[in-house]
Asker: 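This is the structure I want to talk about, given as structure tokens.
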2 protein chains.
Amino acid sequence: MLLLDESELKKGQWAVPGDGLAGDEGFDDGAARILRALSRDTTAYMEQSRVTNELEHFNKGSLMTVGYFSTVSKKRFVINSSLYRQRILWWPLNQLPTLSLIHERLIRRAFVQLQSQVSKQPLGFYLLDNQFTIFQLQKLLERVLDKKYDRPNFRRKALATGLLEPLNVVEQDVSHRPAKLFRFNTEKYKLLERNFKFSF
Amino acid sequence: MLLLDESELKKGQWAVPGDGLAGDEGFDDGAARILRALSRDTTAYMEQSRVTNELEHFNKGSLMTVGYFSTVSKKRFVINSSLYRQRILWWPLNQLPTLSLIHERLIRRAFVQLQSQVSKQPLGFYLLDNQFTIFQLQKLLERVLDKKYDRPNFRRKALATGLLEPLNVVEQDVSHRPAKLFRFNTEKYKLLERNFKFSF
DNA sequence: GCAAAAGTGTTAATCGTACACCCATGA
DNA sequence: TCATGGGTGTACGATTAACACTTTTGC
């Protein structure tokens with residue numbers, strides 16, 4: 001579930017997408033620019049993760065990396081530039097290709113941070129499409145938090161938040177009773193904001 | 001509850017203690033060194049907070065600041081060098097002196113992070129001395145999380161964690177019934193570690 | 001009919017919360 | 001004696017967790 005980019009330095013070496021800062025650009029701005037260069041989806045949640053502990057030394061000077069992570073819907077994620085299109089792949093977190101130690105650590109750290117943010121921000125909703133079933137939301141949280149939930153109970157709790165707006169539309173072409181589709185009610189969330197607690 | 005250092009640049013200007021990195025020192029190492037330069041207490045919890053978003057530009061080049069926060073017991077905190085002794089003061093978070101915008105933001109951000117770590121790490125215990133009463137722990141969490149708790153209920157919950165080891169000693173010289181003193185059971189905590197949840 | 005997930009209902013156990021109440025100490 | 005916090009008990013309501021059951025779809 002992670003986006004990786006083929007590095008320019010070595011063939012076949014995968015890396016987290018990144019770039020240097022342009023001019024007097026801030027770090028947050030730089031990270032946003034990198035994400036925009038990859039995809040047209042602008043609804044993503046983004047957060048600074050951590051600075052690599054070590055400086056990388058080159059003959060020209062030293063380099064430090066500031067990690068950011070973002071939650072993007074795989075379906076909404078549309079690769080922007082044809083330049084990148086050939087060099088981007090999604091990888092499942094438990095089957096990452098060989099990475100530099102620095103990038104490996106950035107990813108592990110970002111995932112821990114994502115897990116801890118899930119209950120404080122409606123991250124689950126950023127990861128899904130505009131229309132989703134409650135079961136999809138459940139499966140998502142189960143994967144992020146590595147837990148199992150009881151379906152009926154999860155459903156009630158999710159609905160009890162009042163943040164799921166029914167769309168009066170159902171799934172199509174599924175070999176079981178089709179589920180109602182919902183969307184995340186951004187307006188109601190804005191009202192809660194500070195008091196939000198998605199404690200599953 | 002915050003340690004601030006008088007800056008060398010301007011008289012009467014307060015700042016978060018900091019320093020540049022020495023040689024090829026890592027960020028965590030640098031932060032630990034700065035803390036050690038201030039105090040002899042080595043039990044402190046320390047965590048990277050955030051990189052300032054803006055680079056500061058000087059004629060010589062650009063400067064970026066990586067924020068760290070640490071929880072230290074005020075009683076155990078012994079100022080190390082006589083050089084610092086004159087220039088260090090504790091300030092309550094709600095009555096900070098005038099600070100640069102960058103330092104102000106670092107502090108606010110670190111406090112939010114501290115609040116969110118309290119339930120995942122036994123931070124409360126780092127902030128107290130080796131011997132403490134349950135009521136002291138309660139008051140500490142109440143200040144950090146800006147909540148009020150019922151004393152009897154807090155007591156039961158704290159004891160239920162199994163992480164408080166009774167010392168069979170009581171407070172001295174208090175004008176009320178003396179409370180039993182406890183210490184944090186580090187060994188038992190090590191066993192939990194990953195599953196630790198101090199949800200008050 | 002079968003499998004799979006949708007959705008509703010129900011119950012017991014657990015937990016949070018709000019108190020009442022007695023205890024021990026210094027002033 | 002009073003004020004202050006220490007410490008135990010308890011009772012009610014809310015929340016959680018477990019699972020039984022009916023529904024709707026595709027194969």
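Letters A, B, ... are given to chains in the order of the sequence lines, protein chains preceding strands, and every chain is numbered from 1. Heavy atoms only: backbone and side chains are in, while hydrogens, waters and symmetry mates are out.
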Asker: Between A/E165 and A/R183, is there a side-chain N and carboxylate O pair less than 4.0 Å apart?
Answerer: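 Yes, A/E165 and A/R183 are salt-bridged.
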Asker: With ring centroids as reference points, do A/Y189 and A/F184 lie under 6.0 angstrom apart?
Answerer: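 Yes; A/F184 has its ring centre under 6.0 Å from that of A/Y189.
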Asker: More 5' along DNA chain C: A/F182 or B/R151, using each one's nearest nucleotide?
Answerer: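 Mapping each residue to its closest nucleotide by heavy atoms, the 5'-most match is A/F182.
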Asker: Between B/L181 (CG) and D/dG5 (P), how many Å, whole number?
Answerer: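 Value for this atom pair: 16 Å.
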Asker: Let me know the distance between CG of A/D150 and C1' of D/dT15, rounded to the nearest Å.
Answerer: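 These atoms are roughly 14 Å apart.
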Asker: Regarding B/E54 and B/R105, does a basic nitrogen lie under 4.0 Å from an acidic carboxylate oxygen?
Answerer: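 Yes, B/E54 and B/R105 are salt-bridged.
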Asker: Rounded to whole angstrom units, what separation is found between the NZ atom of B/K180 and the C1' atom of D/dG7?
Answerer: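 My rounded result for the distance is 8 Å.
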Asker: Between B/R156 and B/F135, who's closer to the 5' end of DNA chain D by nearest nucleotide?
Answerer: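 That would be B/F135.
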Asker: Tell me whether the side-chain N/O atoms of A/R155 come closer than 4.0 Å to OP1 or OP2 in C/dA6.
Answerer: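 Indeed not, no polar side-chain atom of A/R155 lies that close.
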Asker: Between C/dA18 atom P and B/F154 atom CZ, what is the distance in whole Å?
Answerer: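 After rounding, the gap between these two atoms is 16 Å.
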Asker: Does atom NZ of B/K139 have more than 12 heavy-atom neighbours from other groups under 6.0 Å away?
Answerer: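 Counting other residues, nucleotides and ligands, NZ of B/K139 exceeds 12 neighbours.
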Asker: Do A/D150 and A/R156 meet the salt-bridge criterion of a basic N to acidic O distance under 4.0 Å?
Answerer: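 No, this pair does not count.
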Asker: Give a yes or no on whether B/K120 atom NZ has more than 12 heavy-atom contacts from other residues, nucleotides or ligands under 6.0 Å away.
Answerer: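 Counting neighbours around NZ of B/K120, more than 12 heavy atoms of other residues, nucleotides or ligands fall under 6.0 Å, so yes.
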Asker: Return the residues of residues 172-179 of chain B meeting this criterion: a heavy atom under 4.0 Å from some atom of DNA chain C. Order them by number, or give none.
Answerer: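 B/V174, B/S175, B/H176, B/R177, B/P178 - these, ordered by number, are the residues of the stretch whose heavy atoms sit under 4.0 Å from the strand.
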Asker: Find which nucleotide of DNA chain D each of B/E171 and A/N153 is nearest to by heavy atoms, and output the residue with the more 5' nucleotide.
Answerer: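 The answer here is B/E171.
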Asker: With DNA chain C as reference, determine whether A/P152 or B/K157 sits nearer its 5' end, using the nearest nucleotide of each.
Answerer: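 Its nearest nucleotide being more 5', the pick is A/P152.
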Asker: Rounded to the nearest angstrom, tell me the gap between atom CD in B/Q138 and atom C1' in C/dT17.
Answerer: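 B/Q138 atom CD is separated from C/dT17 atom C1' by 14 Å.
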Asker: Please work out which of the three classes, parallel, tilted or perpendicular, describes the rings of B/Y149 and B/F154, given edges at 30° and 60°.
Answerer: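 Tilted: the ring planes of B/F154 and B/Y149 meet at 30° to 60°.
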Asker: Return the value, rounded to whole Å, for the distance between atom CG of B/L159 and atom P of C/dG16.
Answerer: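 Spelled out: CG on B/L159 to P on C/dG16 is 14 Å.
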